[in-house]
Amino acid sequence: MRSSRRSQSAKLDKQLSTRSEMSQDSVANLVGELRALQTAVREIGGLIRLDLQQHTALQEHIVGMLRAQQTHNQSFQLLGTIIATSACLSLATSSSSWPIPLLGCIMLAVVVLVVLPNCFDISIGHVVAALRSRRPAAVEDGTELQQQLGRQSSRTMPTLDAAAAEPATTCQGGSHINSDSENDVDEAGSDVGADWYEAVPYLEDFDEWPDQPVMVCPDPAVSKQVFQAESQGPCQALPINGMPIPFESELFRGVIVVYIRHLATTPSQLFKGKKRLTWFAVQGQFKRPVSMDSLVFGQEFSHKLSNLPAPWFIDNMLLPLARKISPALRVGSLEQPYFYSPLITAGQIVNVSRVGSAPDIMDAKEDTSLVAAELGCKPGEVWTVASRRKHFQSASHRQKCRFSPDHVWTFHLWQEYVDFASYMLNLSYSSYDLAQHLDGQPLQVMMKDVSCSTYMVNMHVWHRNLVRNNPHLYNRQPTRTTRTTRDSVGERSTKENAATPAAAAAAAAAAAAAGEYTPYSPTSEASTVSPTQTAA
């Protein structure tokens with residue numbers, strides 16, 4: 001008996017030792033595989049960095065070719081002018097009969113007074129620019145490229161336009177704004193809260209949301225902003241591409257409509273035949289007079305962007321393009337970027353109407369006749385969109401006018417460059433994945449009085465890729481239920497969405513009649529937003 005027990009115990013010990021050795025071998029193999037995977041990840045990271053460096057070098061090469069072509073054209077123009085001047089001098093000093101020297105003198109006068117000064121300015125300007133520029137030489141290898149990128153990254157983006165920033169001397173009551181300093185917009189943008197991380201959607205939130213991969217949520221840092229939307233999802237997400245959403249803020253009370261192209265909920269006919277990718281409309285009344293120079297529309301970020309192109313490319317290509325689209329654009333610093341454009345010039349449609357006779361929000365047309373005198377319109381003159389925008393490109397004109405609380409204002413804004421459905425910036429020569437550059441910061445539908453940092457409305461436009469590509473957002477531990485409640489939002493499908501703006505208004509009216517929400521009414525003097533409603 002004892003011998004059999006000893007043999008069994010020996011067998012068990014042998015089996016345990018064998019299993020222990022196998023376990024150790026398995027752990028060693030697993031560690032080896034993990035190290036191999038880590039090495040592969042590092043190699044892939046190196047390839048990605050090399051690709052980015054090559055892309056930067058290609059951008060430099062393209063801009064160098066454009067500059068060379070411009071210099072070539074200017075040189076030929078100057079050469080042609082010199083030849084024409086020589087020919088005119090020959091005719092003027094010839095010994096032929098009097099009509100030929102007279103014709104030569106006339107032609108010489110034209111060349112000297114009209115053509116030659118222009119060419120002289122071009123050539124001198126080109127020489128001065130060439131002397132001042134310090135564009136690095138062509139990059140031959142990765143070491144020189146890395147040194148060049150290091151030099152370029154030490155530069156900063158230009159701050160504010162000289163004629164764009166005006167510190168407020170007062171805020172309440174509409175306030176004049178001076179143009180002597182650039183500090184007002186910097187201070188106005190400095191209050192961008194960093195606590196929006198606490199209200200960021202999780203990846204699981206997008207799965208059940210009808211507007212996926214996009215989710216529009218109120219800015220949690222704006223405490224006095226209230227939206228009335230029964231079909232809200234996680235993070236107070238608001239339904240878009242459908243009914244107007246009543247809202248109230250410290251500055252404004254009205255309704256807002258957000259349409260984004262290329263989503264499952266996008267009305268099929270709304271963007272047909274149009275290039276625009278987004279369409280925002282706001283209608284309502286201001287609660288106090290607001291300076292037209294301080295109320296802006298745009299984007300603002302709490303910290304600097306990442307993986308940006310070379311600073312010279314931003315200075316010479318991107319910002320000039322942006323200012324061509326919006327001449328009154330204001331640009332923040334590299335550490336705290338913002339892009340502000342006065343609302344009065346950014347709006348493609350501005351409609352001013354009397355309380356009680358406002359048009360449907362999506363049927364509004366350009367009409368500022370009620371406040372034509374206040375805006376500086378000459379008697380009998382009817383402003384078009386182009387004339388309004390041209391007039392208010394001047395900061396002095398904007399400083400003289402205010403948005404009056406006695407009227408109903410309707411603004412329409414659309415653009416064709418940023419695709420919110422894919423989070424891509426599409427330019428004529430290149431495309432940029434914004435999720436790679438925003439460092440986890442969302443785009444916004446934002447209107448703000450920068451003279452006192454008061455928001456008219458501010459909504460964050462989140463995208464699935466923005467959360468997935470940012471480690472801080474992706475690796476968060478869930479602090480709430482991430483499953484979307486679909487009692488009200490799940491039934492909202494593409495078929496039920498309005499196919500046209502008029503149908504959207506009809507849907508909103510039907511929802512109001514059913515008691516689903518209380519819409520903003522321009523005829524009402526008191527606020528319809530209940531304090532018990534969901535606040536952002």
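Residue numbers run from 1 in the order of the sequence given.
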**Report entry** Ser302 vs Gln336, side-chain hydrogen bond (donor to acceptor under 3.5 Å, both in side chains): CA-CA, chis, key distance, verdict
**Finding:** CA-CA 6 Å; Ser302 60; Gln336 194 175 57; over 6 Å; no
For a 4.5 angstrom cut-off between non-hydrogen side-chain atoms, does [X] reach [Y]?
X      : Y      : result
Arg288 : Arg402 : no
Leu370 : Arg354 : yes
Tyr474 : Leu203 : yes
Val457 : Phe280 : no
Asp211 : Ile260 : no
Phe271 : Arg276 : yes
Glu374 : Cys401 : no
Met292 : Phe403 : yes

Mind telling me whether [Y] and [X] have parallel, tilted or perpendicular rings, with 30° and 60° as the class edges?
X      : Y      : answer
Phe247 : Phe252 : parallel
Phe411 : Trp409 : parallel
Tyr423 : His463 : tilted

Side chain of [X], backbone of [Y]: donor and acceptor closer than 3.5 Å?
X      : Y      : answer
Gln285 : Gly254 : no
Gln436 : Asn469 : no
Lys287 : Ser249 : yes
Thr384 : Ser387 : yes
His397 : His391 : yes

Which heavy atom of [X] sits nearest a heavy atom of [Y], and at what distance?
X      : Y      : value
Ala421 : Leu263 : CB-CD2, 3.8 Å
Val408 : Ala358 : CG1-CB, 3.7 Å
Lys448 : Ser453 : CE-CA, 3.8 Å
Ser394 : Ser396 : OG-OG, 2.7 Å
Arg389 : Ala346 : NH2-O, 3.0 Å
Lys365 : Asn351 : O-ND2, 2.8 Å

Give a yes-or-no answer on whether the side chains of [X] and [Y] include a donor-acceptor pair shorter than 3.5 Å.
X      : Y      : result
Thr278 : Gln415 : yes
Asp293 : Ser291 : no
Asp439 : Ser306 : no
Tyr340 : Glu300 : yes
Asp449 : Thr454 : no
Gln212 : Arg464 : yes

Query raised in the report: Taking it one step at a time, do Val282 and Thr410 satisfy side chain to side chain contact (heavy atoms under 4.5 Å, CB included)?
Result: CA-CA 6 Å; Val282 179; Thr410 306; over 6 Å; no
Requested in this report: Going by the side-chain contact (heavy atoms from CB on, under 4.5 Å) test, name the single residue among Asp219, Leu443, Leu238 that passes it with Met459.
Outcome: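 For Met459, the side-chain contact (heavy atoms from CB on, under 4.5 Å) test succeeds with only one of Asp219, Leu443, Leu238, which is Leu238.
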Requested in this report: Show the numbers, then the answer: is there a side chain to side chain contact (heavy atoms under 4.5 Å, CB included) between Val200 and Val467?
Outcome: CA-CA 8 Å; Val200 177; Val467 177; 4.1 Å; yes
Requested in this report: Take Ile245 and Val255 through the test side chain to side chain contact (heavy atoms under 4.5 Å, CB included) and record every step on the way to the result.
Outcome: CA-CA 5 Å; Ile245 302 174; Val255 295; over 6 Å; no
Spacing of [X] atom [atom1] and [Y] atom [atom2] [to the nearest 0.5 Å]:
X      : Y      : atom1 : atom2 : result
Ser341 : Arg330 : OG    : CZ    : 8.5 Å
Asp406 : Ser404 : CG    : OG    : 3.5 Å
His460 : Gln441 : NE2   : CD    : 9.5 Å
Trp414 : Arg261 : CH2   : CZ    : 13.5 Å
Asn475 : Leu473 : CG    : CG    : 9.5 Å
Glu416 : Lys274 : CD    : NZ    : 13.0 Å

Report task. Give the C-alpha distance, both sets of side-chain angles, the deciding distance and a yes or no for side chain to side chain contact (heavy atoms under 4.5 Å, CB included) between Asp207 and Asp205. Result -> CA-CA 6 Å; Asp207 294 338; Asp205 294 333; over 6 Å; no
**Report entry** Cation-pi, Trp383 ring and Arg388 (6.0 angstrom, 45 degrees)
**Finding:** no
Query - More than 12 heavy atoms from other groups under 6.0 Å of NZ on Lys390 - result: no
